[in-house]
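Questions regarding the structure given below will be posed in turn.
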Amino acid sequence: MLRYKKGNPVQIGEALGAYVREKVDLISGFNVVKGFLNLKISDSYYLKFFKEIYNQKEFGKVNPSAGDSSVMVEYSSPNTNKPLHLGHIRNNLLGYSVSEILKASGKKVYKTQIINDRGIHICKSMLAWKRYGNGETPESTGLKGDKLVGNYYVKFDQEYKKEIEVFINQGKSADEAKAEAPIFLEAQEMLRKWEGGDEETVALWKKMNSWVYDGFDITYKNLGVDFDQLYYESDTYLLGKKVIEEGLKKGVFYRRDDGSVWCDLTDEGLDEKIVLRSDGTAVYMTQDIGTAIERVTDFPDIGGMVYTVGNEQDYHFQVLFLILKKLEFDWAKNLFHLSYGMVDLPSGKMKSREGTVVDADDLMIEMADTAKSISEELGKLEDFTDAEKDTLYKTIGLGALKYFILKVDPRKRILFDPENSVDFQGNTGPFIQYTYARIQSILRKANFDYSTDLEISKLNLHERERELIKQIQLLPETIQQAANNYSPAVIANYTFELVKEFNSFYQNVSILGEDNPDIKQFRVQLSQKVGEIIKTAFSLLGINVPERM
RNA sequence: GGCCACGUGGCGCAACUGAAUAGCGCAUCUGAUUACGGCUCAGAAGGUUGCAGGUUUGAAUCCUGCCGUGGUCACCA
């Protein structure tokens, strides 16, 4: 503004402030600090706002309008040869939460995953089971299906390493040994049989995969995530070849002398990328191109897609999106790689084959156990049944874990220390859950009908009340911001601020002890609303809130 | 080495996409409760935002170069 009106910023501010206070009802005061004009908004404005939203159950959320395009969010997408671990948990929490946030921001969302149910890694588990399994099943061992299969994946690797060692001792190079180990050759042979439709191999594949799916179902259920549509790589791995042919005609791709097909992205500052092998078979990229197109065919209203995949695949998605743009699909401009950093342990990276992973199921159990020991120490649950306690511990434990992971910007790496586990105090899920439970306690004790219409425009607001209402006002834009940035962390931080503000209010003013009935009712209503918002916001993070804890 | 992301008090994170004295939580130190649930609140201490330049009235934020960490550069997925 000073560019247009020269002069002393402080004087201009004074003049402007005085004018606005005079002419605008909403403004009840002002001050000028270092050239910044601060306007004080009148209490009646805040009260009016609160009254308007008091009865809006879904305040802050936007409903999709008819005719809007929808978004497909892909997440999880595990391999079916081993159980889910901490890395998958971050992926699942992010994907689920971003889906919910997008919905709340007014988008229609399809949640999906593509299950990597075929390939050499699957054959490794199958082969090891065939050789060493003695017909073991989840029923016979009492093991979760994914755990059982995972054990054989590890078993394969152990045997493989033994064979490699023998070869190396016989004087072969490491590469030769890896390529010639009999167990590896046999796994490759198994993959060929599978691709050829060999009955016995396919039957074994189906059997072992179904064990894994049963196991995954349990993990997903405990984690609280779900999907609207599943894709299986065994159905999609041949997709995309036709599009490559069309792309060749359009000149998007070119064929080399050996028959392989490439996309030249050097103009874009990237490399050349192979999209079809010289033997005509599909690569990962081919498949992803085909799958994307397949999805839009299945759901014609899709206008964009979100891929929740670790940042190790940044380059892959950069290339994928560029190729789809070159193929001129109109939805290609609305593709987003929800790229997230790895979850590291103090000991370094997690490696399935080396057993240095934090298992998803185990972790959830540990979190609930921690919640249990903390709650028992505080001992406020005497009248809870065992089943109620059990549910509560899960709610708190999962709340701690989910919040811990989601409050961090997805791009950043997370260091997870299983020893020190996750905090329950400060900026944590349980802190927020506790505040919610406390509010519910107030509402239970409020022995009057506080929901009646209240003429509150004449009340004078306490500073803490004003700040609380301000924070409530931010909810709608916060949801939009979280959606625009695909960032659950925005929601988490907002909720924490709200809760801190509420606790300060709670500690500084009396609610049920207030004499003036109007003020008392207003404070109960305000508390109730804060409770509702905590619940809504946490639902966007996939976190439940307890009525008591 | 090329490309990408990240680097903020001891530790873990923010900063509404360029604004006021860079916020918050752990941990540390002081206080508050015969209570509407102390898993709480009030306060103190703790910073040259990796380094060096630049753009701007104004930079943690944008640009350039360096340093550090991680990722990625397969006819694997």
Side-chain angles (χ1 to χ4, degrees), chain A residues 1-3 9 32-38 77 79 116 118-121 233 237 256 258-262 269-271 273-288 309-316 318 339-342 344 349 371 374-375 377-378 380 396 400 404 407-415 417 420 422-428 430-435 437-446 464 474 477-478 480-482 484-485 489-490 492-494 496-497 499-500 502-514 520 523-524 527 548-549:
Chain A
M1 189 156 90
L2 287 176
R3 289 201 185 104
V32 175
V33 180
K34 291 192 175 177
F36 286 84
L37 173 61
N38 297 308
S77 303
N79 293 337
N116 300 302
R118 49 137 255 135
I120 189 72
H121 48 293
E233 200 194 347
Y237 80 108
R256 289 189 182 169
D258 62 5
S260 58
V261 178
W262 296 71
L270 303 176
D271 295 329
K273 191 76 190 175
I274 188 160
V275 290
L276 218 51
R277 293 194 187 97
S278 50
D279 63 4
T281 56
V283 292
Y284 183 42
M285 189 61 74
T286 327
Q287 193 187 137
D288 268 4
V309 181
N311 64 11
E312 68 219 338
Q313 295 197 34
D314 283 354
Y315 185 72
H316 172 77
Q318 210 183 334
S339 165
Y340 60 92
M342 295 290 106
D344 291 324
K349 283 189 78 167
I374 293 175
S375 297
E377 233 171 82
L378 296 162
K380 286 192 174 157
I396 299 174
F404 177 81
K407 78 171 180 184
V408 181
D409 186 314
R411 281 171 305 190
K412 294 191 179 177
R413 329 168 28 197
I414 290 181
L415 184 69
D417 185 350
N420 294 323
V422 172
D423 279 339
F424 283 67
Q425 281 173 43
N427 187 0
T428 67
F431 170 83
I432 293 167
Q433 288 172 323
Y434 174 73
T435 306
R438 236 180 177 186
I439 291 171
Q440 301 319 305
S441 173
I442 293 173
L443 298 183
R444 279 191 299 271
K445 285 187 177 153
R464 303 263 69 85
L474 293 175
E477 61 192 84
T478 300
Q480 293 305 320
Q481 191 200 335
N484 290 336
N485 294 323
V490 171
N493 288 318
Y494 167 84
F496 180 59
E497 288 300 322
V499 161
K500 259 197 313 183
F502 179 82
N503 280 325
S504 178
F505 159 76
Y506 176 91
Q507 206 77 217
N508 280 289
V509 307
S510 189
I511 299 168
L512 297 177
E514 169 62 39
K520 179 170 160 183
R523 286 179 180 165
V524 174
S527 304
R548 297 172 54 194
M549 66 187 277

Can you tell me, in whole Å, how much space there is between the P of B:A60 and that of B:G23?
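My reading of the P atoms in B:A60 and B:G23 gives 12 Å.
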Taking the P atom of each, how far is B:U64 from B:C3, in whole Å?
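Taking atom P in both B:U64 and B:C3, they lie 11 Å apart.
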For B:U17, decide between syn and anti, treating a glycosidic angle within 90° of 0 as syn.
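In terms of base orientation relative to the sugar, B:U17 is syn.
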Identify whether any heavy atom of A:Ala446 sits under 4.0 Å from a base atom; if not, whether one sits that close to sugar-phosphate; answer base, sugar-phosphate or nothing.
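No contact at all - A:Ala446 keeps every heavy atom at 4.0 Å or more from the nucleic acid.
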Would you classify A:Ile511 as touching base, sugar-phosphate or nothing, given that sugar-phosphate means primed atoms plus P, OP1 and OP2, and contacts are heavy atoms under 4.0 Å?
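If one applies the 4.0 Å heavy-atom cut-off, A:Ile511 turns out to touch a base.
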Ignoring backbone atoms, establish whether A:Asn503 has a side-chain N or O less than 4.0 Å from OP1 or OP2 of B:U40.
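No, no such contact exists.
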Could you tell me how far B:U56 sits from B:U72 if I compare only their C1' atoms? Round to whole Å.
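My reading of the C1' atoms in B:U72 and B:U56 gives 36 Å.
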Per A:Met549 side chain, nearest of listed nucleotides B:G37, B:U40, B:C76
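That would be B:G37.
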Between B:C6 and B:G18 - P atom distance, rounded Å:
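Pairwise P distance, B:G18 against B:C6, rounds to 15 Å.
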Please name the nucleotide paired to B:C11 by Watson-Crick or G-U wobble geometry with both distances under 3.5 Å, or report none.
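Pairing partner: B:G25.
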Atom NZ of A:Lys500 to atom P of B:C41: distance rounded to whole Å?
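Rounding to the nearest Å, NZ of A:Lys500 and P of B:C41 are 9 Å apart.
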From the list B:C39, B:G37, B:C41, which nucleotide is the closest neighbour of the side chain of A:Ser375?
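The closest nucleotide is B:C39.
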Indicate whether OP1 or OP2 belonging to B:C39 is found under 4.0 Å from a side-chain N or O atom of A:Tyr434.
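Checking A:Tyr434 against B:C39: at least one side-chain N or O falls below 4.0 Å of OP1 or OP2.
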Checking base pairs now: Watson-Crick or wobble, both atom distances under 3.5 Å. What partners B:U55?
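Check on B:U55: unpaired, no WC or wobble geometry under 3.5 Å.
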Side chain of A:Ser441: nearest nucleotide among B:C6, B:G37, B:C39?
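Closest of the options to the side chain of A:Ser441: B:G37.
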Is the shortest distance from a Lys or Arg side-chain nitrogen in A:Asp409 or A:Arg411 to a carboxylate oxygen in the other one below 4.0 Å?
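A salt bridge is present here (some side-chain N lies under 4.0 Å from a carboxylate O).
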Nearest-Å distance, CG (A:Asn493) to P (B:G12)?
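It is 16 Å, rounded to the nearest whole Å.
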Is there a side-chain contact between A:Arg413 and the phosphate of B:G70, meaning an N or O under 4.0 Å from OP1 or OP2?
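For A:Arg413, the contact criterion (side-chain N or O under 4.0 Å from OP1 or OP2 of B:G70) is not met.
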Is the phosphate of B:G37, meaning OP1 or OP2, less than 4.0 Å from a side-chain N or O of A:Arg444?
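A:Arg444 to B:G37 OP1/OP2: no side-chain N or O under 4.0 Å.
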Base, sugar-phosphate or nothing for A:Ser504? Non-hydrogen atoms, less than 4.0 Å.
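Sugar-phosphate: the residue A:Ser504, judged by heavy atoms under 4.0 Å, touches backbone atoms but no base.
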Report which part of the nucleic acid A:Glu497 touches: base, sugar-phosphate, or nothing (heavy-atom distance under 4.0 Å, all strands).
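Contact class for A:Glu497: none.
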Compare the minimum distances between each of B:U72, B:C39, B:A77 and the side chain of A:Phe424, then state the nucleotide with the smallest one.
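My answer, after comparing the listed nucleotides, is B:C39.
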Can you tell me how far P of B:G23 sits from CG of A:Leu474, to the nearest Å?
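My rounded result for the distance is 18 Å.
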The side chain of A:Asp423 lies closest to which of these nucleotides: B:C26, B:G71, B:C41?
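Shortest atom-to-atom distance from the side chain points to B:C26.
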Where the side chain of A:Gln481 is concerned, which of B:G37, B:C16, B:A77 is the nearest nucleotide?
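Closest nucleotide among those given: B:C16.
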Using the P atom in both, what is the distance from B:C66 to B:C4, to the nearest Å?
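Approximately 13 Å lies between the P atom of B:C66 and that of B:C4.
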What does B:G46 pair with, Watson-Crick or G-U, if both distances are under 3.5 Å?
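The base-pairing partner of B:G46, which may sit in any strand shown, does not exist here.
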For B:G1, the Watson-Crick or wobble partner whose two distances fall under 3.5 Å:
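Its partner is B:C73.
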Criterion side-chain hydrogen bond (donor to acceptor under 3.5 Å, both in side chains) on A:Arg256 and A:Ser260, from CA distance to verdict:
CA-CA 6 Å; A:Arg256 289 189 182 169; A:Ser260 58; 5.1 Å; no
Figure out the CZ/C1' separation between A:Phe431 and B:G25, and round it to whole Å.
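To the nearest whole Å, that distance equals 9 Å.
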Scan A:Lys520 against the nucleic acid and name what it touches under 4.0 Å (heavy atoms): base, sugar-phosphate only, or nothing.
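Since no nucleic acid heavy atom lies under 4.0 Å of A:Lys520, the category is nothing.
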Inter-nucleotide P distance (B:A32, B:G7), Å rounded
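Per the computed distance, 41 Å lies between those P atoms.
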Answer yes or no: does a side-chain N or O of A:Lys412 lie under 4.0 Å from OP1 or OP2 of B:A14?
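Affirmative; the distance criterion is met.
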For side chain to side chain contact (heavy atoms under 4.5 Å, CB included), just list the numbers for A:Tyr315 and A:Asp271, CA-CA rounded to whole Å, side-chain angles, deciding distance to a tenth of an Å, and then say yes or no.
CA-CA 10 Å; A:Tyr315 185 72; A:Asp271 295 329; 3.6 Å; yes
Can you tell me the pairing partner of B:A20 across any strand shown, Watson-Crick or G-U wobble, with both distances under 3.5 angstrom?
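Per the H-bond distance test, none.
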Are A:Ser339 and A:Asp314 close enough, and set up right, to give a side-chain hydrogen bond (donor to acceptor under 3.5 Å, both in side chains), and what steps lead you there?
CA-CA 7 Å; A:Ser339 165; A:Asp314 283 354; 2.8 Å; yes
Proximity to the side chain of A:Ile374 - top-ranked nucleotide from B:C39, B:G37, B:G25
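The listed nucleotide nearest to A:Ile374's side chain is B:C39.
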Side-chain contact, heavy-atom cut-off 4.5 Å: A:Lys349 with A:Asp344?
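They are in contact (side-chain heavy atoms under 4.5 Å apart), so the answer is yes.
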A:Tyr434 and A:Phe431: aromatic ring centres closer than 6.0 Å?
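Between A:Phe431 and A:Tyr434, which both carry aromatic rings, the centre distance is not below 6.0 Å.
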Using a heavy-atom cut-off of under 4.0 Å over every strand shown, decide if A:Arg548 touches base, sugar-phosphate, or nothing.
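Touches a base.
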Please determine, for the side chain of A:Asp409, which listed nucleotide (B:A14, B:A42, B:U40) has the closest atom?
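Selected nucleotide (nearest to the side chain): B:A14.
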Note, A:Met342 side chain near A:Glu312 side chain (heavy atom, < 4.5 Å):
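Touching, per the 4.5 Å side-chain cut-off.
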Please work out if A:Tyr284 contacts a base, only the sugar-phosphate, or nothing of the nucleic acid, heavy-atom cut-off 4.0 Å.
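Base contact.
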Pair partner, B:G38 [Watson-Crick or wobble, under 3.5 Å]
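The answer is none; no pair meets the criterion.
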Check step by step if side-chain hydrogen bond (donor to acceptor under 3.5 Å, both in side chains) holds for A:Arg413 and A:Asn311.
CA-CA 10 Å; A:Arg413 329 168 28 197; A:Asn311 64 11; over 6 Å; no
Counting side-chain heavy atoms from C-beta on, which of B:G25, B:C39, B:C13 comes nearest to A:Val408?
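Between B:G25, B:C39, B:C13, the one nearest the side chain of A:Val408 would be B:C13.
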Test of understanding: with side-chain hydrogen bond (donor to acceptor under 3.5 Å, both in side chains), list the residues that count as partners of A:Asp288, not counting sequence neighbours.
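Applying side-chain hydrogen bond (donor to acceptor under 3.5 Å, both in side chains) to A:Asp288 gives A:His316.
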Base, sugar-phosphate alone, or nothing: which one does A:Asp271 contact when heavy atoms must sit under 4.0 Å apart?
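Contact class for A:Asp271: sugar-phosphate only.
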Separation of A:Ile414 atom CD1 from B:C6 atom P, in whole Å?
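Interatomic distance, CD1 of A:Ile414 to P of B:C6: 15 Å.
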Distance, rounded to the nearest Å, where A:Lys273 contributes NZ and B:C3 contributes C1'
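From A:Lys273 NZ to B:C3 C1': 13 Å.
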Please tell me which of A:Glu477 and A:Gly269 maps to the more 5' nucleotide of RNA chain B, matching each residue to the nucleotide holding its nearest heavy atom.
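Result: A:Gly269.
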Can you check the distance between B:A19 and B:G38, where both ends of the measurement are the P atom (answer in whole Å)?
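To the nearest whole Å, 39 Å.
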For A:Val283 and for A:Val490, locate the closest nucleotide of RNA chain B by heavy-atom distance; then report the residue assigned to the nucleotide nearer the 5' terminus.
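First, find each residue's nearest nucleotide; the 5'-ward one identifies A:Val490.
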Please give the distance between the C1' atoms of B:G25 and B:C39 as a whole number of Å.
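Result for the C1' pair: 14 Å, nearest Å.
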Within-4.5 Å side-chain heavy-atom neighbours: A:Arg277 and A:Thr286
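No, too far: nothing below the 4.5 Å cut-off.
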Is A:Arg277 near enough to B:A74 that one of its side-chain N or O atoms lies under 4.0 angstrom from OP1 or OP2?
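The answer is no; no side-chain N or O of A:Arg277 sits under 4.0 Å from OP1 or OP2.
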Would you classify A:Val261 as touching base, sugar-phosphate or nothing, given that sugar-phosphate means primed atoms plus P, OP1 and OP2, and contacts are heavy atoms under 4.0 Å?
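If one applies the 4.0 Å heavy-atom cut-off, A:Val261 turns out to touch nothing in the nucleic acid.
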For A:Gln507 and B:C41, what is the distance between atoms CD and C1' respectively, to the nearest whole Å?
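In whole Å, B:C41 C1' lies 4 Å from A:Gln507 CD.
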